[in-house]
Amino acid sequence: MRAQPKASHFINGAYVEDAAGAALHSHYPATGEVIAKLHSATPAIIDSALQAAAAAQADWAARPPVERGRILHRAAQIMRDRNRALSELETLDTGKPLQETLVADPASGADALEYFAGFAPTVTGQTIPLGRDMAYTLREPLGVCAGIGAWNYPIQIAAWKAAPALAFGNALVFKPSEVTPLSALALADILTEAGLPAGLFNVVQGAGDVGASLVGDPRVAKVSLTGSVPTGRKVYAQAAEGIRAVTMELGGKSPLIVFDDADLDNAVGAAMLGNFYSAGQICTNGTRVFVARSVLEPFLERLIARTGRIVMGDPLDEATQMGPLVSAAQAEKVMGYIARGVAEGARLVCGGKAAGGWFVEPTVFADVTDDMTIAREEIFGPVMSVLAFDSEDEVIARANATDYGLAAGLFTRDLTRAHRVVARLQAGTCWINAYNLTPVEMPFGGVKASGVGRENGHAALEHYTRVKSVYLGMGDVDAPY
Ligand code: NAD
């Protein structure tokens, strides 16, 4: 076992095993090799994690915010010091190339720890003058939060939830995706070494049933899910039963619009990053690339040439630019969509073939129309759809004609047009002359079916704290009886 952790779960500051839980294996997607054998959480494990979190939270919330921040700062530093080992672990668990994980995964997790470490001591309430009397507000933590992760950015997702939750005085029980269970445990190690008291960050393993047990537990005040829209609907509904707060970071089918005056090389580069990075397994990907008809041919020419040069191979080789899909099931699903694209009449101009094991070639379809399945459904693989457009109004209407609303991007040299168009795009995050950059300073999240709530930036405060209003009477009580 190349990546066997000490045990499956991390509860109350220690690794815990319960062999009664169903077997859960982690595979290296490049070879299919089993790299770790774990167990899903039993009800007893879930209960002990929630109990530990509930017991630890009040003391943590009572600490001075600088003290909480100091621990998170230390954790960020340890994470950066361990960047290579953590990146290798993430590559083994996800199949994403080391070239990416070395710069994107633990690094963005460390950014979140650092950002919220500094944010914690700046949180204040308001004073509200009311004449003789006054009121003030307190920002309070929510209590015990449950985090549920997807498999595409495991350590980033864990850190993006843990950092604000902990910074603002909450405790967290985190369930990673059953496909990528490993790096959340590494984050638990780091937080513990940094001095986080036991019980505040707990990891329980398992699939949707374990997630559902967390969502339905009365000890949980808030649920933050990163996952697909169908899962989001279930989790949101279950959380509603208990009137629990939610953040839903869900899927997308985002448009990337290339206007006729765009810098074409930049637009091609962004379209490739927004479709092939992480083998296309990114929620914000610009999978519907709308290109102005007048520049369609040169755009496609450059895109095809550059896509043909993408280096696929062993993700642990730093020269590799694209790895496999995360699982056999995901590779199969993506190949199914490629077959649908061909069957529905899209023109395959690049790739389109399975490349052995769980690898799928970077694939580009041209002549895609809005009604085709590949233009409507989230594929979550390296499949780009290129669609032609003629006018600004038309492309905005087509870009918005989807249930999703996670992200959108556009390339133009006309700044007036850029802001005019962005104002009309139905998306939580928009990029102008860039794509898929998600710095922790910037709020992140979707509209429409792509989600509710925001992660990162100042916006995260709203989703990991609540406001208490305090009215302060300064005189006699004016009672009419
Ligand atoms: P998924 O919906 O299958 O699973 C997500 C998580 O939810 C997993 O941990 C899973 O075990 C858990 N889960 C499943 N059913 C559950 C239930 N009933 N109750 C509680 N938990 C349950 O998603 P996935 O295949 O792991 O990830 C890919 C999806 O995630 C894509 O749709 C992608 O767009 C989305 N995603 C969104 C963001 C974002 O920030 N918006 C980021 C990454 C991925």
**Message:** Measuring from atom SG of Cys350 to atom CZ of Arg306, what distance do you get when rounded to the nearest 0.5 angstrom?
**Reply:** 12.5 Å

**Asked** Among side-chain atoms of Thr369 and Asp371, is any donor-acceptor pair under 3.5 angstrom?
**Response** yes

**Asked** Does Leu250 reach the side chain of Tyr404, with side-chain heavy atoms less than 4.5 Å apart?
**Response** no

**Under the salt bridge (Lys or Arg N to Asp or Glu O under 4.0 Å) test, residues paired with Glu178 that sit two or more places apart** = Lys175

**Gap between atom CE of Met1 and atom NE2 of His25 - 0.5 Å precision** = 7.5 Å

**Request:** Step by step, work out the side chain to side chain contact (heavy atoms under 4.5 Å, CB included) result for His9 and Val203.
**Result:** CA-CA 5 Å; His9 319 287; Val203 179; 5.9 Å; no

**Message:** Is the shortest side-chain heavy-atom distance between Asp370 and Leu387 below 4.5 Å?
**Reply:** yes

**Asked** Do Lys448 side-chain atoms and Asn400 backbone N/O form a donor-acceptor pair below 3.5 Å?
**Response** yes

**Glu301 atom CD, neighbour heavy-atom count above 12 within 6.0 Å** = no

**Distance-only donor-acceptor check, side chains Thr320 and Asp314, under 3.5 Å** = no

**Message:** Thr247 and side chain to side chain donor-acceptor pair (under 3.5 Å): which single residue from Lys222, Lys161, Glu455 fits?
**Reply:** Lys222

**Asked** Is the closest side-chain heavy-atom distance between Ser26 and Pro181 below 4.5 Å?
**Response** yes

**Fill in**
Closest non-hydrogen contact found for Ala150 with Ser177 is C-CB, 3.6 Å

**Request:** Begin with the C-alpha distance, continue with both residues' side-chain angles, and end with the deciding distance and a verdict on side chain to side chain contact (heavy atoms under 4.5 Å, CB included) for Leu182 and Leu38.
**Result:** CA-CA 9 Å; Leu182 302 179; Leu38 295 87; 4.0 Å; yes

**Request:** Over all heavy atoms of both residues, which pair between Thr91 and Thr101 is shortest? Give the atoms and the distance, please.
**Result:** OG1-OG1, 2.8 Å

**Item:** Nearest non-hydrogen partners of Leu191 and Ala75, listed with the distance
**Value:** CD2-CB, 3.8 Å

**Asked** Which atom pair, heavy atoms only, marks the closest approach of Leu86 to Ala186?
**Response** CD2-CB, 3.6 Å

**Request:** Report the residues that fulfil ring pair (Phe, Tyr, Trp, His ring centres under 6.0 Å) with Phe10, sequence neighbours left out, ordered by chain and then residue number.
**Result:** Tyr15

**Message:** Going by ring pair (Phe, Tyr, Trp, His ring centres under 6.0 Å), name the residues that satisfy it together with Phe359, two or more places apart in sequence or in a different chain.
**Reply:** none

**Prompt:** Of Ile432, Ile257, Val291, Leu256, which meets side chain to side chain contact (heavy atoms under 4.5 Å, CB included) against Phe411?
**Reply:** Leu256

**Prompt:** Do side-chain atoms of Arg2 reach the backbone of Tyr28 as a donor and acceptor pair under 3.5 angstrom?
**Reply:** no

**Prompt:** What do the steps show when you test Phe276 against Met384 for side chain to side chain contact (heavy atoms under 4.5 Å, CB included), and what is the final call?
**Reply:** CA-CA 8 Å; Phe276 302 140; Met384 185 194 306; 4.0 Å; yes

**Prompt:** Any side-chain donor paired with an acceptor under 3.5 Å for Ser228 and Glu378?
**Reply:** no

**Message:** Using only atom types and a distance under 3.5 Å, with no angle test, would you say the side chain of Thr307 pairs donor to acceptor with the backbone of Ile304?
**Reply:** no

**Prompt:** Is the backbone of Gly280 close enough, under 3.5 Å, to the side chain of Asn285 for a donor and an acceptor to pair up by distance?
**Reply:** yes

**Message:** Taking CZ in Arg340 as the centre, count heavy atoms belonging to other residues, nucleotides or ligands within less than 6.0 Å. Is the count above 12?
**Reply:** no

**Prompt:** Given side chains that start at C-beta, do those of Val383 and Tyr337 come closer than 4.5 Å, heavy atoms only?
**Reply:** no

**Donor-acceptor under 3.5 Å (Asp403 side chain, Ala449 main chain)** = no

**Item:** Pairwise distance CZ(Phe168) to NE2(His463) - rounded to 0.5 angstrom
**Value:** 11.0 Å

**Message:** So, taking the atom named OG1 in Thr412 and the one named CG in Asp414, what distance separates them when rounded to the nearest 0.5 Å?
**Reply:** 5.0 Å

**Request:** Would you confirm whether Glu90, through its side chain, and Asp105, through its main-chain N or O, come within 3.5 Å as a donor-acceptor pair?
**Result:** no

**Side-chain donor/acceptor of Arg139 to backbone N/O of Thr124, under 3.5 Å** = no

**Request:** With sequence neighbours excluded, tell me which residues meet salt bridge (Lys or Arg N to Asp or Glu O under 4.0 Å) with Glu392.
**Result:** Arg420

**Request:** Would you check if there is a donor-acceptor pair between the side chains of Thr94 and Thr180 at a distance under 3.5 Å?
**Result:** no

**Prompt:** Is it true that a side-chain atom of Ser450 and a backbone atom of Gly405 form a donor plus acceptor pair closer than 3.5 Å?
**Reply:** yes

**Asked** Under 4.5 Å between any side-chain heavy atoms of Asn83 and Leu102, yes or no?
**Response** yes

**Step-by-step side chain to side chain contact (heavy atoms under 4.5 Å, CB included) determination, Met372 to Phe365** = CA-CA 11 Å; Met372 290 179 184; Phe365 281 105; over 6 Å; no

**Prompt:** Can any side-chain N or O of Gln281 pair as donor or acceptor with the backbone N or O of Ser278 at less than 3.5 Å?
**Reply:** yes

**Message:** On a heavy-atom basis, which atom in Gly351 and which in Thr363 lie closest, and how many Å separate them?
**Reply:** C-OG1, 3.9 Å

**Asked** Hey, are Arg80 and Asp111 close enough for a salt bridge, meaning a charged N less than 4.0 Å from a carboxylate O?
**Response** yes

**Message:** According to ring pair (Phe, Tyr, Trp, His ring centres under 6.0 Å), who are the partners of Phe380, at least two apart in sequence or on a separate chain?
**Reply:** Trp151

**Prompt:** Under a 4.5 Å cut-off applied to non-hydrogen side-chain atoms, are Leu187 and Met79 in contact?
**Reply:** yes

**Request:** Give the ring-plane orientation class for Phe290 versus Phe389, where under 30° counts as parallel, over 60° as perpendicular and anything between as tilted.
**Result:** perpendicular

**Request:** Output the distance between atom OG (Ser294) and atom CG (Asp260), rounded to the nearest 0.5 Å.
**Result:** 4.5 Å

**Message:** In the structure I gave you, are the side-chain heavy atoms of Asn433 and Asn266 within less than 4.5 Å of one another anywhere?
**Reply:** no

**Fill in**
Taken in chain and number order and not counting sequence neighbours, the residues that satisfy salt bridge (Lys or Arg N to Asp or Glu O under 4.0 Å) with Asp261 are Arg417

**Asked** Between Met272 and Leu303, is any pair of side-chain heavy atoms under 4.5 Å apart?
**Response** yes

**Item:** Distance-minimising heavy-atom pair for Pro443 and Thr429
**Value:** O-OG1, 4.2 Å

**Request:** Give a yes or no on whether the backbone of Gly216 and the side-chain of Arg244 come within a donor-acceptor separation of less than 3.5 Å.
**Result:** yes

**Request:** Determine the interplanar angle of the Trp431 and Tyr435 rings, folded into 0 to 90°, and report it as parallel if under 30°, tilted if 30 to 60°, perpendicular if over 60°.
**Result:** tilted

**Message:** What I want to find out is whether Arg82 reaches Glu88 closely enough, with some N-O distance under 4.0 Å, to be called a salt bridge.
**Reply:** no

**Message:** If I take atom OG1 from residue Thr287 and atom CZ from residue Arg376, how far apart are they, to the nearest 0.5 angstrom?
**Reply:** 13.0 Å

**Atom CD of Glu394: over 12 foreign heavy atoms under 6.0 Å** = yes

**Request:** May I ask you to check whether Tyr153 and Trp160 place their ring centers less than 6.0 Å from one another?
**Result:** no

**Message:** Whether Asp393 and Arg424 form a salt bridge (side-chain N of Lys/Arg under 4.0 Å from carboxylate O of Asp/Glu) is what I want to check.
**Reply:** yes

